[in-house]
Amino acid sequence: MAQVRLDHISKTFASGDDQVRAVDDVTLDIEHHEFMILLGPSGCGKSTLLRVVAGLEDPTAGDVYIGDRRVNDVVPKERDIAMAFQRYALYPHKTVAANIEFPLKVRGVGRAERAAEALRAAEVLGLEHHMKRKPGQLSGGQRQRVALARAIVRNPAVFLMDEPLSNLDAKLRGDTRAELVDLHRRIDSTFIYVTHDPVEAMTMGSRVAVLNEGRLQQVGTPQEVYDRPATAFVAQFIGTPPMNLLPAGLWGSDTVQVGIRPEHLRLVPGGPLHAVVRQVEHLGHEVLLFADANGTRLVSRIDPNSFVPEVGDPVAFDAEPGRLHRFHPESGERIE
Amino acid sequence: MAADTVRGVRKVGRYTLLVVLAVIVLFPIYAVVLQALKTGPDSLDHPRSLLPVDLTLSTIKAAWTQGNLGRLLMNSVFVSVMVTLGVVLTSLLAAYAFAFLQFPLKGPIFVLFLATMLVPAEVTVVINERTADSLGWINSYQGLIVPSLASTFGIFLVRQVFLQLPGELREAAALDGVGHVRFLWEVAAPLSRPTLGALGLFTFLGTWNAYLWPSQVIRGDRAHETVQIGLERLKNNDISKINLVTGGLVVAALPIFIMLVLFQRQLVRGLTAGAVKG
């Protein structure tokens, strides 16, 4: 059983005389065989947190547990983890087979057993026909699969991934996303996956932990995080286009910020929110309507078969009942 | 049309310049080879004759036997190979420490290393010779080899290559349980092979051609003479046999020439290393 527990983790980097707090008092419990996504914009501390789990960084404060063992003082190789890096980190002078076998070779596994294990891992990722090639002869997607095979060949309890898809093109990213979800189903490891891409988080994770400026904002299933964002930051970070956030006083109460997802902001003649259409984007299956309400930019997602106003038209919006989110105007925290 | 003509004239001018430069560079080599291929009386009677007439290998044969060239070449090969291996090894180890390890005063120590490049070899030759003398290394292989076993330039060069290796490689290796020695031999060194090749080649050439230090540490002991020292002795013994010296020069330059032809690509790559970021 490999649950991972992060207990009040902080990590501070000294840069000259400045102290940069990359991770700020994060507590997070990750269940056995969970696919946990650490999501946030660049610089939010998600990669640092992953590296703390890996043992590549020591936490400034707090404890890391893998299984029931506190691993703060355990070197990376003894943590029973494997990691896939953004830039693959393959050994360019070794063949695919040698790359995948390498962790076993280091552990002193015999040649025959090594080859068999490597082939098994390669088959899981569809690499068995590329074993004699060097990484330079492979496409980006294939290289990333080699990196994943090198990680799973060790049969790790915890599998860490640091933005493994960010160097791939859009199509390949989609395919590999599905492969990773499939891989997670087939092996018994706990996955911790770092990304800045909300789409990856929504489609892959069993749970998502959203971070901003080193602080944990919210943990929940993708749907929970989408439906009930805990802060205005989460509300805006997850979802494309992001949630409309209206300053206090524009709609209803003078003391709360109001959030409405674009798909819940409907054109209603005589509705309470008046605006002027600034831009219309036809995407085929939907139309994105960008409008200006007293200096606040709004976006609404509407059906292309319904009435679509033109640029310059005055329009009125209303929200679907029960779909308004309220946030504290200073702290940004959700108000029920 | 006009543009074509200008381009044509430029091309002719460029090639003319290159041909002139090539002649200037190649002429001394031609003169030496020619003299080495003439008999003794011939080269003295017509010292300035540049025509390749009455060529013979007898001078080279004489140089080989009278100059004891076999022994000289063997000494030079042995010393050059040992120094080359030593420099590559020490450069790898020191560069690894400077690139991948953390230790106190790392920056200042590295600057100190670099500062030694500012001191010309001529300045240190006397004190080094005294040290060799006190160690009993005069007229010995260790006297020829040991003082050259580490090269600041080599350490600097290899360190630069190591620093360009992605940090993720070291981290991935650490997660796999790879220690420093294994990472050096299995990852860092193989990935630096072009640079190591160029470093080895430069070191070999430099050691082969070295004169100053061997002339200090070898004092008349023929058993340990390198080829450059031996040729100098040959010249000083009998100036009338100058063609024997040129014959010896040709033989001594032959291994270098072969290496240059074989490793030309590495040499160029070594010279341009770091000039263009890959």
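Each chain gets a letter, A, B and so on, in the order its sequence line appears, and its residues count up from 1.
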Grab the two heavy atoms, one from [X] and one from [Y], that are nearest each other, plus how far apart they are.
{"X": "A/Ala201", "Y": "A/Leu39", "result": "CB-CD2, 3.8 Å"}
{"X": "B/Val88", "Y": "B/Gly200", "result": "CG2-CA, 4.1 Å"}
{"X": "A/Pro156", "Y": "A/Ala151", "result": "CD-O, 3.4 Å"}

Exceeds 12 heavy-atom contacts within 6.0 angstrom, atom CZ of B/Phe257: no
Side-chain touch B/Phe162/B/Leu92, heavy atoms, less than 4.5 angstrom: yes
Check: A/Val181 and A/Arg177 side chains under 4.5 Å, non-hydrogen atoms: no
Any donor-acceptor pair under 3.5 Å from [X] side chain to [Y] backbone:
{"X": "A/Thr190", "Y": "A/Ala2", "answer": "yes"}
{"X": "A/Ser206", "Y": "A/Phe35", "answer": "yes"}
{"X": "A/Lys46", "Y": "A/Gly40", "answer": "yes"}

Taking 3.5 Å as the threshold, show me the donor-acceptor pairs across chain A and chain B, one per line with distances to 0.1 Å.
| unit_1 | atom_1 | unit_2 | atom_2 | d |
| --- | --- | --- | --- | --- |
| A/Arg51 | NH1 | B/Glu171 | OE1 | 2.7 |
| A/Arg51 | NH1 | B/Glu171 | OE2 | 3.0 |
| A/Arg51 | NH2 | B/Glu171 | OE2 | 2.5 |
| A/Tyr91 | OH | B/Asp176 | OD2 | 3.4 |
| A/His93 | NE2 | B/Glu186 | O | 2.6 |
| A/Lys94 | NZ | B/Glu186 | OE1 | 2.8 |
| A/Lys105 | NZ | B/Glu186 | OE1 | 3.4 |
| A/Lys105 | NZ | B/Glu186 | OE2 | 3.4 |
| A/Arg154 | NH1 | B/Leu175 | O | 3.2 |
| A/Arg154 | NH1 | B/Asp176 | OD1 | 3.2 |
| A/Arg154 | NH2 | B/Leu175 | O | 3.3 |

Toward chain B, the part of A/Leu90 with a non-hydrogen atom under 4.5 Å: backbone
Chain B contact residues among residues 118-133 of chain A, heavy-atom distance under 4.5 Å: none
